[in-house]
2 protein chains.
Amino acid sequence: MADKSEKTKARLPRGFADRSAEDIRAVEKMMATIRSVYELYGFEPADQPLIEYTDALGKFLPDQDRPNEGVFSFQDDDEQWLSLRYDLTAPTARFVAENYERLPKPYRSYRSGWVFRNEKPGPGRFRQFMQFDADTIGTPGVAADAEMAMMMADVMEALGIKRGDYVIRVNNRKVLDGVLEAIGLGGEENIGRRLTVLRAIDKLDKLGPEGVKLLLGPGRWDGGKEGEGDFAKGAGLNNGQAEAVLQATARNAQAAQDSVVDSNATYQEGVGELATIEALVRAAGYGEDRIAMDRSVVRGLEYYTGPVFEAELLAEIPNEDGQIVRFGSVGGGGRYDGLVSRFRGEPVPATGFSIGVSRLMTALKNLGKLDNADVIAPVVVLVMDKDTESLGRYQKMVSELRAAGIRSEMYLGGAGMKAQLKYADRRGCPVAIIQGGDERAKGELQIKDLIEGARMSAEITDNAEWRAARPAQVTVAESELVAEVKKILAAQAEERARGK
Amino acid sequence: MADKSEKTKARLPRGFADRSAEDIRAVEKMMATIRSVYELYGFEPADQPLIEYTDALGKFLPDQDRPNEGVFSFQDDDEQWLSLRYDLTAPTARFVAENYERLPKPYRSYRSGWVFRNEKPGPGRFRQFMQFDADTIGTPGVAADAEMAMMMADVMEALGIKRGDYVIRVNNRKVLDGVLEAIGLGGEENIGRRLTVLRAIDKLDKLGPEGVKLLLGPGRWDGGKEGEGDFAKGAGLNNGQAEAVLQATARNAQAAQDSVVDSNATYQEGVGELATIEALVRAAGYGEDRIAMDRSVVRGLEYYTGPVFEAELLAEIPNEDGQIVRFGSVGGGGRYDGLVSRFRGEPVPATGFSIGVSRLMTALKNLGKLDNADVIAPVVVLVMDKDTESLGRYQKMVSELRAAGIRSEMYLGGAGMKAQLKYADRRGCPVAIIQGGDERAKGELQIKDLIEGARMSAEITDNAEWRAARPAQVTVAESELVAEVKKILAAQAEERARGK
């Protein structure tokens, strides 16, 4: 064992988190529901590794100005650069490009898994988080985008989120692209400025129109006024240009007021696709309360080329910090016609949606949709005598309980009776089994109802009648073990159902 | 879109793999069963991140002579070294040490997830693979080790592996440690040589006693004779020492023939613990056919301090390369009393077991225990007319089918009728729905039984009677869609059950 003076510090790197049993169970339950909707829609499970060649992932992250920023990268022993995936879409594109000939087209798949961002962590903002995506690849028409929006609406309701408490917002990158072309920001040479505009618009919720206008124009000091805090370089638009952009991306923007914008072909294409998506989802019975056209949605990722979506929770729910807020985005996606083409040099149009698993789980937990009341802690067999023969006997009790499907364990720590009961209490065990020398001699054992015991000791008035009806501790013959434990567990289940 | 000349190559780094839908479903099914056994035993789910501080993981991998070898590592922006976990045990130890006060002791948890080894990949040997572990931490007695062995035996049978087709082998590191002390290899100064001995013994299956003896002694040329291939440095034992080691680690070794060994306290402690474990598992009804004491088990990882286990499949099963072999190890584990103590400077005894998920899944698939026959591909609604109104109508059909719980999708590719049917075939779709202008005018649609259709076209004799009984294609009123599809799916299910 290590000397105290040289012991290693047990700590996690910033931005990483251990998950609790409760959260793991909640996520399992939630993901099973999401999976069932994806399956119902005809998607198949898929899975790519967490490590890819850096060049295969590409550089599409928002807010990253230097190459490799935002991504965990390291060199393989043959000097090639590897990276941890930053989303599930880039590896999916690599997989489809690599296996294109043998896959059915369109290729409809879903996948969940951890993704990594090497960026500054913050509250509720982690460097490792889980996404759950669905993608249709090899699909040129916006019917596939309409389907994505409808499927996400169905996912929300399958998870128990009431209609009106969520909305899937839909926009089209081509609308903004058309505006930018019209105001003179088209062409290869303006890629950087277009990206700055995109990221400025994506901050509308956070900074408001005035803040965004600064980012569209001369730039913005995040301290609130000139010279305070950090300076974010702007896109350098003049006032008229910035107004045109803000007008086109206002939440309820409809027709362009600017005739130059209105006559732009890309803009018109975007508007037309949005109209088709709207017609398709309405025909399928999805109203504005479920899927809304919203020109303010842009999504931060660079690789989107057409329709973009965002799933938003409208309900006011405590967030990760316990503040009651309109919860906001729990997922998003869009069309990425260029991602597979990067590898293949031929058009492979695609669209997809990504759910932020941890965020959605936090919301659902706070809405009371993911309770674990059906998970019962184990029955614990206490260890009074530690000789091999006694241990064998306790082990046999546990085996009998397990054979009857009852979750149970023998106490395996080194402590005495009192600590063992404390252990049972911390685990939330429903029942403890006790057999000392006296009981053993008589072929008996004690069964303690720990839930009832806790209730009784919490009650101020001694309820003699209740105690008589269901005592917190009984002594039974060894052969009665399973039957008696079953009886107590059933009584506890009944009380839980009664909402006691 | 990228120009062909500059397109990125779609490829995976060596030692990483994409998983098929079939394998993902098989793993899901298998893990649900393993989880149910772990839960029945009273273990709780836990989860640690994939990235830890390098020093927190420690260096315990086999076959790694240089620091950091075997582990993917990279520097954080504050210059601290981070690593991808190489197993689930080291992060578990970090977590328990960090949260020791608030956890119930013993802490019983299970966890599954990807682990990474930065080593030379080979057939069936990956740089990313999945483990599924259970651990009891804060447990001094070998009753916990006995429980691990029994739980693993129960897992094997819950997975459908017949008694006699698997065995859990149990040994104790203290036995070998005692032998090494007795022959003069004790003490801090011999850590390196003891490790070389350990790794030599771990290769017994691969190299046989003669090869191992070379590794225990002067070293071994892997080309078969002196000067050929690579040279592996030996532990430098003399002949008598090597014989003592080989004798103590023979599969059915019992009492030590060497009186110096026999009088060694560590050796005796190890032998005594093994006897206790054997007594406990036999008392609980686990015979030698399920849990066998076996002195040849050592396990490659350096951190084990007491009992070690290995789950071995005895059945002859095709392996990853299709060769019929005795499948071998699918998991293992042992006691690691020093791992949590590294952080805390106080004794925190612990034991655990790790299942190699991919290996076990390969075995179970080949044993026919994980078939996906219950997964039915989606019903596909073909797209004859692509105007928005028609698409809306096809979409409505799909919505009706889904509302009835029938997995289905509208064809979303860009191709014509023939390619659409080919798509349905590649997906293995059971039914296709077709509605062109003529049918629509009459308020009808065609339903094609694709399974029956394939069967009929494969049959040489035209079975007129059968064709009359269940034609491969029917025309029904739109309102009959769901009822008719259900009828066909039910008929197909019946045929599958009949084993056709």
Side-chain angles (χ1 to χ4, degrees), chain A residues 1-2 4 7-8 10 13 16 18-19 21 24 39-42 44-45 47-51 53 55 72 74 82 94-95 97-98 104-106 114 128 136 138-140 143-144 276 279-280 283-284 338 341-343 345 378 388 391-392 395-396 399 402 407-409 412-414 423 426-427, chain B residues 1-2 4 7-8 10 13 16 18-19 21 24 39-42 44-45 47-51 53 55 72 74 82 94-95 97-98 104-106 114 128 136 138-140 143-144 276 279-280 283-284 338 341-343 345 378 388 391-392 395-396 399 402 407-409 412-414 423 426-427:
Chain A
M1 196 193 328
K4 271 207 181 217
K7 68 183 192 225
T8 310
F16 294 90
D18 296 306
R19 292 197 297 161
I24 294 166
E39 286 272 347
L40 187 64
Y41 270 73
E44 299 285 343
D47 186 58
Q48 276 58 62
L50 286 87
I51 294 176
Y53 281 120
D55 67 347
F72 288 102
F74 37 92
L82 306 174
R94 188 272 310 152
F95 167 73
E98 195 175 349
K105 263 85 63 183
W114 295 109
Q128 171 184 323
T136 300
T139 185
T276 304
L280 286 172
S341 312
R342 277 180 72 227
F343 298 102
T388 304
L391 289 176
Q395 182 61 52
K396 202 170 145 280
S399 297
R402 286 176 189 152
R407 198 177 178 210
S408 53
E409 63 179 60
L412 286 169
Y423 168 80
R426 285 183 89 162
R427 287 290 305 273
Chain B
M1 197 194 328
K4 271 207 181 218
K7 69 181 192 229
T8 310
F16 294 91
D18 297 306
R19 291 196 297 161
I24 294 166
E39 286 271 347
L40 187 64
Y41 269 73
E44 299 285 342
D47 186 58
Q48 276 58 63
L50 285 86
I51 294 175
Y53 280 120
D55 66 348
F72 288 102
F74 37 93
L82 305 175
R94 188 272 309 151
F95 167 73
E98 194 175 350
K105 261 85 62 182
W114 295 109
Q128 171 183 322
T136 301
T139 186
T276 305
L280 286 172
S341 312
R342 277 180 72 227
F343 299 102
T388 304
L391 289 177
Q395 182 61 52
K396 203 170 144 280
S399 297
R402 287 176 189 152
R407 197 176 179 212
S408 54
E409 63 178 59
L412 286 169
Y423 167 80
R426 285 183 89 162
R427 287 291 304 273

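Everything numeric here is computed off the predicted structure, so don't read it as measured data. Throughout, a chain's letter reflects where its sequence line sits, starting with A, and its residues are numbered from 1.
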(message) Distance check, rounded to the nearest 0.5 Å: B:F343 atom CZ versus A:T8 atom OG1?
(response) 5.5 Å
(message) Quick check for you: among A:A144, A:G138, A:A279, which has the greatest number of heavy-atom pairs under 4.5 Å with chain B?
(response) A:A144
(request) Applying ring pair (Phe, Tyr, Trp, His ring centres under 6.0 Å), name anything that partners B:Y53, two or more places apart in sequence or on another chain. (result) none
(request) Inspect the contact between B:R407 and A:E44 and indicate whether a charged nitrogen and a carboxylate oxygen are less than 4.0 angstrom apart. (result) yes
(request) Look up atom CD in A:E39 and atom CZ in B:R402, then write down how far apart they are to the nearest 0.5 Å. (result) 12.5 Å
(message) Please classify the contact of B:L391 with chain A as side chain, backbone, both or neither, using a heavy-atom distance under 4.5 Å.
(response) both
(message) Ring-plane angle category for B:F74 and A:F72, please: parallel below 30°, perpendicular beyond 60°, tilted otherwise.
(response) tilted
(request) For A:R427 and B:G42, indicate whether the former's side chain and the latter's backbone hold a donor-acceptor pair under 3.5 Å. (result) yes
(message) Is there a side chain to side chain contact (heavy atoms under 4.5 Å, CB included) between A:T136 and B:E409? Walk through the geometry before answering.
(response) CA-CA 11 Å; A:T136 300; B:E409 63 178 59; over 6 Å; no
(request) To the nearest 0.5 Å, tell me how far B:K105 NZ sits from A:Y423 OH. (result) 11.0 Å
(request) For chain B, find which of A:P140, A:S399, A:A284 contributes the most heavy-atom pairs closer than 4.5 angstrom. (result) A:P140
(request) Check for a donor-acceptor pair, side chain of B:T139 on one end and backbone N or O of A:L412 on the other, with a separation under 3.5 Å. (result) yes
(request) Report the option among B:P49, B:A21, B:P378 that has the most heavy-atom pairs separated by less than 4.5 Å from atoms of chain A. (result) B:P49
(request) Name the option with the most non-hydrogen atom pairs under 4.5 Å to chain A; the candidates are B:L82, B:L50, B:L280. (result) B:L50
(request) Would you mind checking which part of B:Q48 comes under 4.5 Å of any heavy atom in chain A, side chain (CB onward), backbone (N, CA, C, O), both or neither? (result) both
(message) Less than 4.5 Å to any heavy atom of chain A: does that hold for the side chain of B:I51, its backbone, both, or neither?
(response) both
